[in-house]
Amino acid sequence: MKKLVLLAAILAVTAACEPKSLTGEQIIGAIFKGADERGMHIIVETNITGGGLFEEGADLETIVSQQDCWMRRFYARYGDHPSFEGWYYGNEINPVDTLDEAKSYFWRALWGASSKTAKELNPDALTTISPFFILDKDEWRGFRYFQPEEYRVWWAESLRKGGIDILMLQDSGAEHQAFFSIEERRPFIEAFAAACSQAGAQFWVNVETGQVRANDWPDAVAQERERRRAWEFTPIDLLAQKLDLAAQYATGTINWGYYPLMTPTDGVAVSLKDIDGQKAIDLSTRKDNYEAYRAYVASVPQEPAPGHLIRPVLGGTLWWLPGGIDALPRKEAFRAIEDELDNLHAVGIDRIILGSLPKYFDE
């Protein structure tokens, strides 16, 4: 009897000493573990992100060293997980003129050094990037319009020198406007596909499920200037056309827009639920969007259509971790992560581009 009382006392003390919330490393570990169990894949965003590093005067040698150190530490902690698939360079840069040698060298050198580290750690690890193009021909937003051929030339060279395995092109351009047509997008998709073929890289499309509801360029520019952009889920009919376009050229797809426009969960801060800090997307709308996509997936044939390389569905999505997960009670946080993974897996989204990791894993 005394032994039982002593054992109960020990268990009570142990439980009291356990942290009430998850550490950052436990959060990331729980996502990897859940992905392992479901046969999912995780591509990890590195810690040197942002597209303005060159303009900000970042020291190339310094950021290369920081990236190398962070990648080695992260891989030592999580690289043994079966779901670990590779690295994502979160550098969304504006188009670069093919004659801009200094800027071209900066980005190619950063990516090339990072890819060297990636392959040293694991020769099978993928290196990926997801650039955009600009559809604003009349330069309403003040950025130079680049012809598709300019993208092909610059990215073919950058993929080679950057050691990048997969380019995942954002299919709605930098501006994300609802009035963009399929045929406006096609020349850019063709150009990037050609760049990948020339460089020996894979071409995927980032089929976006978020767009700005604007009538035309004057409306779009006014919304942006006044910070009132009307973000919405891409209607299923248009999304089906975008997926069909991607399936004609790409060997894989990912997505931006599941967060914050499609996730059917709420209450626990495991995913972003607003865009640009402008508008919270209500749970009912997100659930409707999720179910609309689920019904669409169920209607898609299991084999690619003639003239298509893949099925027109979303294979992966970007998931940026918001701050605050580590403040949640342990059971609540674990359950939220499990729910997120289950919902993704249920609609065939089995690849996660996991971002914002330095919030939870950094020097």
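All of these numbers come straight from a predicted model, not from anything done at the bench.
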Q | Within residues 129-143 or reaching into it, pairs that qualify as salt bridge (charged side-chain N to carboxylate O under 4.0 Å, His left out) - sequence neighbours excluded | A | Arg141-Glu224
(Q) Once ring-ring contact (aromatic ring centres under 6.0 Å, His included) is applied, do any residues pair with Tyr88, and if so which ones, sequence neighbours excluded? (A) none
Show me, pair by pair, the donor-acceptor contacts under 3.5 angstrom made by side chains of residues 158-165, not counting sequence neighbours?
from, atom 1, to, atom 2, distance (Å)
Ser158, OG, Arg108, NE, 2.8
Ser158, OG, Arg108, NH2, 3.3
Ser158, OG, Trp154, O, 2.8
Arg160, NH2, Glu157, OE1, 2.4
Lys161, NZ, Glu157, OE2, 3.0
Asp165, OD2, Lys119, NZ, 2.7
Asp165, OD2, Thr127, N, 3.0
Asp165, OD2, Thr127, OG1, 3.2

**Q.** Sequence neighbours excluded, every pair satisfying ring pair (Phe, Tyr, Trp, His ring centres under 6.0 Å) that has a member inside residues 33-53
**A.** none
(Q) Regarding Asp326 and Ser21, do their side chains bring together a donor and an acceptor under 3.5 Å, going by distance alone? (A) no
(Q) Can you list everything that forms a ring-ring contact (aromatic ring centres under 6.0 Å, His included) with His345? Sequence neighbours excluded, please. (A) none
Q. Is any side-chain N of the basic residue among Lys33 and Glu37 closer than 4.0 Å to the acidic one's carboxylate O?
A. yes
Q) Do Thr98 and Glu150 have side-chain atoms, one donor and one acceptor, less than 3.5 Å apart? A) no
Q: Taking salt bridge (Lys or Arg N to Asp or Glu O under 4.0 Å) as the test, write out the residues that go with Glu226, two or more places apart.
A: Arg228
Q | Hydrophobic cluster identity match, Leu341 and Leu314, side-chain contacts under 4.5 Å | A | yes
Q) If you count the non-hydrogen atoms of other residues, nucleotides and ligands that lie under 6.0 Å from NZ in Lys287, is the total more than 12? A) no
Q.
If only side-chain N and O atoms count, and only distance matters, is there a donor-acceptor pair under 3.5 Å linking Ser172 with Arg185?
A. yes
Q.
Can you list everything that forms a ring-ring contact (aromatic ring centres under 6.0 Å, His included) with Phe84? Sequence neighbours excluded, please.
A. Tyr75, Trp87
(Q) Could you work out, with side chain to side chain donor-acceptor pair (under 3.5 Å) as the rule, every residue matching Arg186, not counting sequence neighbours? (A) Glu183, Gln248, Tyr249
Q: Decide, yes or no, whether a salt bridge links Asp282 with Arg286 under the criterion of side-chain N to carboxylate O below 4.0 Å.
A: no
Q. Distance under 6.0 Å and angle within 45° of the ring axis: does Arg144 meet both against Phe146?
A. yes
Q. Do the ring planes of Phe74 and Phe361 sit parallel (below 30°), tilted (30 to 60°) or perpendicular (above 60°)?
A. perpendicular
Solution key, residues 295-303 side-chain donor-acceptor pairs under 3.5 Å, sequence neighbours excluded:
from, atom 1, to, atom 2, distance (Å)
Tyr296, OH, Pro312, O, 2.6
Ser299, OG, Tyr296, O, 2.6

Q: Run the numbers on Tyr360 and Thr23 for side chain to side chain donor-acceptor pair (under 3.5 Å), then give the verdict.
A: CA-CA 8 Å; Tyr360 300 104; Thr23 66; over 6 Å; no
**Q.** Presence of salt bridge, Arg38 and Glu338, under 4.0 angstrom
**A.** yes
Q) Do Trp231 and Trp256 have ring centres separated by under 6.0 Å? A) yes
Please output the side-chain donor-acceptor pairs of residues 232-239 that fall under 3.5 Å, not counting sequence neighbours, one pair per line with the distance.
from, atom 1, to, atom 2, distance (Å)
Glu232, OE1, Arg213, NH1, 3.0
Glu232, OE2, Gln211, NE2, 2.8

Q: Could I get the full list of ring-ring contact (aromatic ring centres under 6.0 Å, His included) partners for Phe133, not counting sequence neighbours?
A: Phe188
Q. Going by an N to O cut-off under 4.0 Å, is there a salt bridge joining Glu190 and Arg152?
A. no
Q) Does the separation of the ring centres of Tyr258 and Trp319 fall below 6.0 angstrom? A) no
Q: For Ala109, check side-chain contact (heavy atoms from CB on, under 4.5 Å) against everything at least two apart and list the hits.
A: Leu60, Tyr105
Q.
Tell me whether Lys242 is salt-bridged to Glu208, with the criterion being a basic N under 4.0 Å from an acidic carboxylate O.
A. no
